[in-house]
Structure formats: C-alpha cells, structure tokens
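Notes follow the structure.
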Amino acid sequence: MDEGRTLSEKMSGRLKKPGDAGGKRVLSGRFLKAPAASGRIKSIELPELPPGMVCITGKDSPGKTRFAGVPVPLFTGKIILWEGQPILAAAGLNTTEVDEWISRVKMEIAPPEGNAEPLVSEKLIEKGSTVEAFSKAFQVIEERIEIPQTPPSSAAQTVVCVKDGANYTIHAASSWPGSIRQNVAAALKTDKKNIHVRTYPVSPGSNKELWFPTVTACQAALLSNRAKKSVRINSTAPGYPGGDFHIRGAIDAEGRITALEIIFTLFCGAVFPLEEEFFERVLLGLFSIYPCRNYSILGRISHEASPPSTFGPGAGFELGFLAGELFASRVAELSLSPPGGWHRESFPVPGQAFGPGIVLPKDFPMKDMLNTALNLSDFERKSASFEQTRLSRHHLDSEPEFYRGIGLSCGWFGNGFLSSPKDLGSAFLTLTLDKDGELTIEMPSLNHGGPLERAWSNMTGEILGIEDKSINFTNRKIKVNQEAGPSLLGRNVSIYTKLLELAGNDLLKRRFRDPLPISVNRSRRRSGNRSWNPNLLEGSPFENISWGVGIVEIAVSTVTMEVIPTQIWLVIDGGKLLMPDFAKSAVEISVEQTLRWCHTGNEQKEATLVDIQFYNNGNKRISKDVSTLPWLMIPAAYLQAVRQASGVIISRIPVTPEQLRTGGMAK
Amino acid sequence: MIISFFLNGNPVEIDTMPHHRSVDLLRESFQIKSIQQSCSDALCGTCLILMDDRPVLSCLVPAFELKFKDIWTMEGISSKKSYADIVGGYKSAHVQLCNSCAPARALATEALLRQTLRPSAELVRETAESVNCSCCSTRRVMDAILRAAKLREKRIHES
C-alpha cells in the first residue's frame with residue numbers, strides 16, 4: 001500500500017466520498033424537521049407532489065432502527081421527541097424544488113399533554129458498608145462537576161443509497177456497517193443479501209459515526225425504494241452526552257479512600273442507543289485506579305427533549321474519569337501530602353483489585369509511569385511553588401501578568417466493549433492468498449489507506465514474506481459486513497491486529513501444504529464476558545487495558561482571565577506500537593480536541609508544548625489504543641491546574657474567563 | 001447571465017443565475033469534487049478555492065463574481081509537478097488528514113507557497129487554521145507546511 005499515493009489522492013480530492021456515489025441522476029433528499037422540542041402532531045397536510053418527487057412520513061415507515069436492542073425512531077410519530085426530529089423526508093432531482101415543496105407542508109402541532117418532565121431511569125449500586133466507613137472517617141471530602149451535553153455537529157454528513165434493481169448499496173462513513181445492513185434490510189422488509197454497504201473513512205479521534213449513519217441510511221433507502229431511484233441525503237452527527245456528578249468520600253488518617261457516595265445524572269437527549277454500555281463505563285471511570293470496597297452509587301439517565309447523543313471519545317470514560325480524578329486530586333490536596341506521592345501510595349498493590357474490584361494485571365505499570373511523568377515535568381517542585389504563590393499572593397506588591405498552576409491525573413482505557421450483546425463484540429476477518437500471490441484481507445477496517453491499515457499490511461507482509469503492494473484490503477464481502485460489531489474503542493488496534501496475526505500465521509502453515517487459492521477465516525464472537533460481573537463490578541471487564549499519566553501546566557492571565565495551557569506531559573502504555581510516529585500524531589490530535597473541550601476563550605496564539613512518552617514499547621506485548629487516553633487524563637489535570645492558579649473552585653467545563661471573574665479570581 | 005472565467009488554466013463559459021454560489025456552480029456544473037459544502041456558512045473552510053492566487057471561501061462568493069477571474073482548485077493544482085512538494089511535506093510530517101479537509105489544506109498550503117517560500121510562523125499558523133477541522137493537530141499541519149515550503153524551494157533551486 002503506497003502511503004504517498006493515498007495521501008496524494010486524498011489531497012487532490014480524487015478519493016471518493018459518500019456524496020460522490022451514484023452520479024448525476026441521484027435524487028436529493030431533504031427533511032422536514034420538528035420546529036419544537038415537544039408536542040403532538042395533530043395533522044399534516046401535504047401539498048400535491050410534483051412529478052418525479054417522492055415523500056415518506058412516519059406512517060410509511062412505522063419501524064424503528066435498533067442498536068443492540070435500543071430502538072431509535074426513523075421519523076416522528078404522533079409525539080415529537082426533540083427539536084429537529086425528522087417528521088418527513090422528500091426527494092427530487094432539483095433541491096430547490098424539494099425545499100419549496102417542503103415549505104408548503106402544513107402542520108398543526110398541539111402542546112404536549114401532561115407534564116413535560118424528562119424521563120429518568122436510575123440505578124443504585126452498593127457494596128460494603130458506606131455508613132460504617134463514613135462514621136469512622138478521618139475526613140469527608142466532597143467534589144462536584146458539571147459537564148454540559150455537546151450540541152449536534154454543524155457539518156453535514158452525506159449518505160447515498162444507490163438502487164440497482166432489487167439491490168441497494170449504501171454509501172456512508174460509518175464505524176458499524178453491520179448495523180446499516182441489518183437495519184436497512186428490516187426497514188425495507190427485504191433480504192439482507194440485497195443490501196450492500198460501502199463504507200468510507202470516519203472522522204479520526206471520535207466515535208460519532210456509530211449509529212446515526214444507520215438511521216440516515218434507512219431514511220435514504222426508504223426514499224429510494226419509493227422513488228425506484230438512487231437517493232442522496234444529508235444529516236448531522238449527534239453531540240456527546242453531559243453529566244452532573246456529586247462525589248462524597250470517606251478518607252482515613254493515611255489519606256486513603258475508604259468509601260464513596262456518588263450521585264450522578266447523565267443527560268443523553270431523547271434517545272441514546274447503547275446507553276447501558278455508556279452508563280457502565282461512566283461508573284468504572286468514577287473509581288479511576290484507586291481501590292474502594294465500600295460504595296453507594298445512584299446513577300440516573302435523563303432523557304430530556306433534546307437531540308439524541310452518541311458515544312463521546314471514551315464512550316463514557318471521559319465523564320467518569322474527569323469526576324473521579326478531580327475528586328482524587330482534591331483528596332491529595334486536602335490530605336496535605338505531595339500530590340504525586342499521594343497518587344503513588346494510593347495505587348493498588350499486587351494481589352489487590354483496582355477501582356470497584358477490577359483484577360489488577362501482573363504487569364501493572366502505573367508506578368513507573370507516574371515516576372517518569374513526575375520527573376519529566378518537575379511536578380512536585382512546581383506544584384509546591386505554585387501552591388505557595390497562591391497562598392501568599394495577597395502579600396505581593398504588584399499583580400503578576402499570569403498565575404500558574406499544574407495538575408496531575410491518571411487514567412486507563414478498556415479496549416473493546418463491556419456489554420454483552422453479541423453484535424457488539426463480534427469480529428471477523430478473512431485472508432485469501434490467490435494463485436498470483438496476491439493477498440486479500442477482508443475485514444471491516446475503516447482506515448482506507450490510513451496508518452493502521454499500513455501497519456497491518458507491513459505486519460502481514462512480514463509474516464508471509466509478501467510485498468506490501470501485493471496486499472489488498474476490502475470490506476465489501478457479505479459476511480464481514482453482516483456480522484461484525486462497530487470498529488471503535490480500540491477494537492481495530494487490539495482485536496483485529498491479534499486476529500490478523502493469528503490468521504497470517506495460520507496461512508503461513510498452510511501455504512506450502514494446500515493448493516492456492518487458500519482462504520483463512522478468523523473470528524471472535526463474544527456473547528457476554530464471563531469474567532466480569534456487572535452487578536458487583538468485579539472481575540476483568542476488558543481484554544486489555546491501556547494506561548496513562550498526564551500532567552498539565554497552565555497560566556491564567558490576570559488581565560483577561562484566559563487560561564493558556566503551556567505544557568502537557570503524557571506517559572502512555574499502549575503496548576506494542578504498530579506505527580510510533582502515527583501513534584504520536586493520534587495522541588496529539590486527541591490532546592488538541594480535549595483542550596477544545598476543556599476551555600473556551602480567545603484562540604491561543606502559541607501551540608501548547610506536548611511531551612508524549614510511550615512506556616515500554618516491548619515487541620512481545622499486544623497493541624492497545626493510545627488515542628483515547630488524553631481525553632481521560634487531561635480534563636481533570638487541567639481543571640486542577642486552573643483551580644491552583646486561580647484559587648477558584650471551578651466545577652464546570654468548558655472553563656471560561658467569566659467563570660474565573662465571577663468566582664472571584666483576584667489578588 | 002453568461003459568465004466566462006479561467007478554471008484550472010482553461011477558459012470556460014457558463015450560464016448561471018444571480019443567486020447561485022460559486023461552490024454550487026463549481027461542484028454541479030464543472031464536477032469540481034475537491035471543494036466541499038460542509039457547513040455552507042464560512043465556518044469549516046473546506047470550500048476553499050484560489051481566485052487570482054488568493055484563497056477565498058467559495059460558499060461566500062456569488063457565482064457571477066467568478067467572471068474573468070483565474071480560478072484554481074485542487075483538480076488543477078494536483079496535475080502539476082509542484083503538487084508533489086505539498087504531498088511530500090504532509091507525508092513526512094505524518095499528518096493524518098480526513099477526506100473532508102485534505103483538499104482544502106493542500107490548497108491553503110499552495111496559496112501560501114505562491115505567496116512566499118519563507119513564511120513567518122504567524123503566516124504558517126494562519127494557513128494551518130484557515131481550515132477548521134479537528135481531524136489533525138495544528139502543530140503537525142504547521143510542520144507539514146514548513147516542510148512543503150522547503151521542498152518547493154529546493155525544487156525551484158534545482159530547476
């Protein structure tokens with residue numbers, strides 16, 4: 001695979017995008033969306049359709065798409081669930097004509113009946129005796145953090161349904177082609193063999209394209225079925241969920257957490273596919289690394305009348321870790337021990353479980369990684385010095401231009417899915433070596449010439465002694481598309497790399513024994529993780545875990561109250577790095593995205609210095625995700641640093657200069 | 001109204017309506033697929049074109065303003081030998097670009113290199129931030145632009 005050629009095609013605009021599919025005769029689809037967040041549709045009056053134009057409403061498609069058992073409506077029924085929910089879709093050759101027709105649709109919407117309180121589901125999880133632990137506590141420490149739900153993206157994402165007789169080919173950027181195939185077939189009430197999915201690269205560093213391309217694909221397919229022509233339609237990616245966390249912890253005389261009482265609410269919009277997975281990941285993140293055997297957690301999911309959410313970059317870990325690590329830093333601060341030392345002493349020891357009861361791996365690397373990060377950043381000295389400045393700033397004769405702060409946070413990321421539904425965890429690939437020596441790898445890879453695909457190509461080439469140019473990737477075959485779960489949460493890096501290695505070695509053994517062409521299949525079907533107890537939160541929830549330590553140093557302007565992240569140190573254990581340069585680049589992207597999530601204000605004039613160290617890149621170890629860890633470590637470290645510099649207890653991100661001003665940041 | 005202009009070095013003529021935008025005209029009538037209409041609101045920068053060597057957002061330019069102008073898009077720029085400098089710069093900086101912003105980033109880089117081969121840090125940063133997409137790190141893109149500038153300078157020096 002030629003990296004230069006792929007990049008050249010991409011930059012010249014020649015690389016195909018979903019919107020390019022189907023040619024000039026494709027009909028353009030448009031939505032009529034709900035103008036209010038709630039209400040009951042009393043009547044819809046549709047104008048006469050001009051020739052060549054088609055329309056579908058909720059009545060024509062009473063079905064819902066399903067994602068691991070969670071239904072998502074394709075169109076509004078009688079009741080409007082959120083502002084912007086599609087009420088109907090129309091398609092025609094001329095976009096202006098379609099828009100004009102939609103503008104003539106008459107609707108009568110009645111106010112919602114009964115109370116408009118959001119639907120809230122809650123779950124209480126308890127273990128040990130929190131009452132006893134709190135009664136014996138040396139200190140009780142509280143922490144609160146509010147993370148708003150992010151709005152849907154403003155950029156349009158195109159899905160095209162190309163109709164050819166009884167066959168439908170969906171062109172979409174999606175990390176879950178299997179769900180598109182399954183749901184489109186169900187929406188059209190046709191056999192899955194008539195549905196083909198052509199996937200395109202998804203946006204790097206996010207999990208946005210999880211379920212919404214499937215909904216749009218179903219809408220495009222229904223229009224296409226009615227028009228008997230191909231249809232192109234645009235939609236926007238949903239935002240990420242938010243949350244409100246209140247943590248209360250019992251601390252013993254040595255500064256250890258002995259019990260936790262947590263109440264949190266997740267704001268996920270009207271519907272949230274895979275919310276169970278998200279909820280459990282938030283729970284695990286709240287504990288971070290520190291062992292705690294007594295806890296009482298009341299978690300709520302609030303379905304208010306706002307647009308649906310999708311997975312954030314850590315699929316819930318980013319919310320949980322922010323709250324959990326912020327609480328940990330507060331404990332470190334109030335226990336009056338050096339923060340680095342507190343973290344080191346609070347890590348689990350061999351034989352002990354971490355978090356609520358997760359089995360500690362034998363090669364737990366965090367102590368070494370923490371020491372490296374502390375040394376690189378000179379953390380303890382800076383932290384003590386900034387703290388001293390904060391405490392004695394009222395003695396200063398003149399105010400400095402900046403106050404400085406530094407924060408520390410630890411994190412871990414579980415690769416793959418936690419929940420048990422079979423269609424989430426399954427993974428398939430096929431290697432075929434043909435008579436000309438060409439190797440075809442069929443897998444739901446969504447890299448399309450990206451660095452990971454090149455790493456896989458190099459790895460397979462090395463195993464089989466085949467040149468890179470003789471290796472091709474495809475994801476168009478039925479079985480691969482039909483069965484595999486979503487390619488996110490590090491599944492590509494960890495699970496598919498392992499499957500590919502196994503399949504390559506298998507093919508190597510058969511190469512000189514069997515006649516060509518030879519095909520080797522490798523699959524992984526996961527129908528529930530037996531080593532994980534979701535009720536007790538005990539066992540091994542993930543096949544492998546990436547670890548990280550992050551330190552953030554910031555400066556806060558005393559004039560504009562802007563927060564300027566000056567330097568970030570990250571020490572990451574990503575196992576065996578397939579392509580170190582690109583791993584570093586992926587981490588850098590995540591750092592920039594995370595910083596955008598953490599603060600608002602004027603654009604920074606200088607880029608933040610980021611020092612990324614990969615821990616123990618030994619060849620015998622498996623590969624793990626590295627790009628999600630900045631999302632889990634940076635926000636908590638950033639907030640700690642802001643609190644230290646400003647002296648204001650900020651309890652909401654993104655941090656704004658107004659928060660500091662109203663919080664009373666002053667000399 | 002009939003307008004004529006130069007598109008990627010070739011003279012073209014088209015009948016257009018006054019309310020048409022350049023981005024729609026170029027995409028629909030001339031099949032210029034390197035420009036996107038992602039936000040349609042001058043936010044994303046993916047509809048960037050070169051108009052008389054100046055980078056402009058084609059979603060903000062009415063189609064009639066193209067009249068008598070020299071318009072370049074990545075379809076034309078990528079057919080030139082000097083395009084290899086831009087690809088080389090981005091490749092060596094290990095930038096992971098997404099499909100959506102890659103042509104606009106290349107075009108913004110080309111615009112800068114036409115202006116100067118020794119750009120200031122501020123100009124490089126401005127160019128890197130002219131396309132608003134979170135798929136890649138700004139620092140890497142800045143590095144890529146500087147590498148592309150060096151390659152272009154070397155090419156000019158050698159020829």
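Here is the naming used below: chain letters follow the sequence lines, and residue numbers restart at 1 for every chain. Values below: every heavy atom of this structure, side chains too, minus hydrogens, waters and symmetry copies.
Environment of NE2 in H19(B): crowded, with over 12 heavy atoms of neighbouring residues, nucleotides or ligands closer than 6.0 Å. Heavy-atom neighbours of K33(B) NZ from other residues, nucleotides or ligands within 6.0 Å: above the threshold of 12.
Pairing each heavy atom of H94(B) with each of D581(A), the nearest pair is NE2-OD2, 3.1 Å. Residues E592(A) and R139(B) share a closest heavy-atom pair of OE2-N, 3.5 Å. Closest approach of A586(A) to Q96(B), counting heavy atoms only: N-NE2, 3.5 Å. Here the closest non-hydrogen pair linking Y83(B) and L7(A) is OH-O, 4.3 Å. The heavy-atom pair separating T138(B) from R596(A) by the smallest distance is OG1-NH2, 4.4 Å.
Across V87(B), N99(B), I32(B), the residue that shares the most heavy-atom pairs under 4.5 angstrom with chain A is N99(B). When the candidates N234(A), V610(A), T158(A) are compared by the number of heavy-atom contacts under 4.5 Å with chain B, V610(A) comes out ahead.
With a 4.5 angstrom heavy-atom cutoff, E122(B) does not touch chain A via any of its atoms. For V591(A), no part sits under 4.5 Å from any heavy atom of chain B, backbone or side chain. For chain B, the nearby part of K16(A) is the backbone; its heavy atoms alone come within less than 4.5 Å.
Using a 4.5 Å heavy-atom cutoff, the side chains of K91(B) and M11(A) are not in contact. Contact check for K17(A) versus Q36(B): side-chain heavy atoms found under the 4.5 Å cut-off.
In this structure, CD on Q593(A) lies 8.5 Å from SG on C135(B), to the nearest 0.5 angstrom. The OG atom of S78(B) sits 10.0 Å away from atom CD of E9(A), with the distance rounded to the nearest 0.5 Å. Of the inter-residue distances, the one linking C98(B) atom SG with I589(A) atom CD1 reads 9.5 Å to the nearest 0.5 angstrom.
Using modelled atom types, one finds no donor on one side chain facing an acceptor on the other under 3.5 Å when comparing E75(B) with S12(A).
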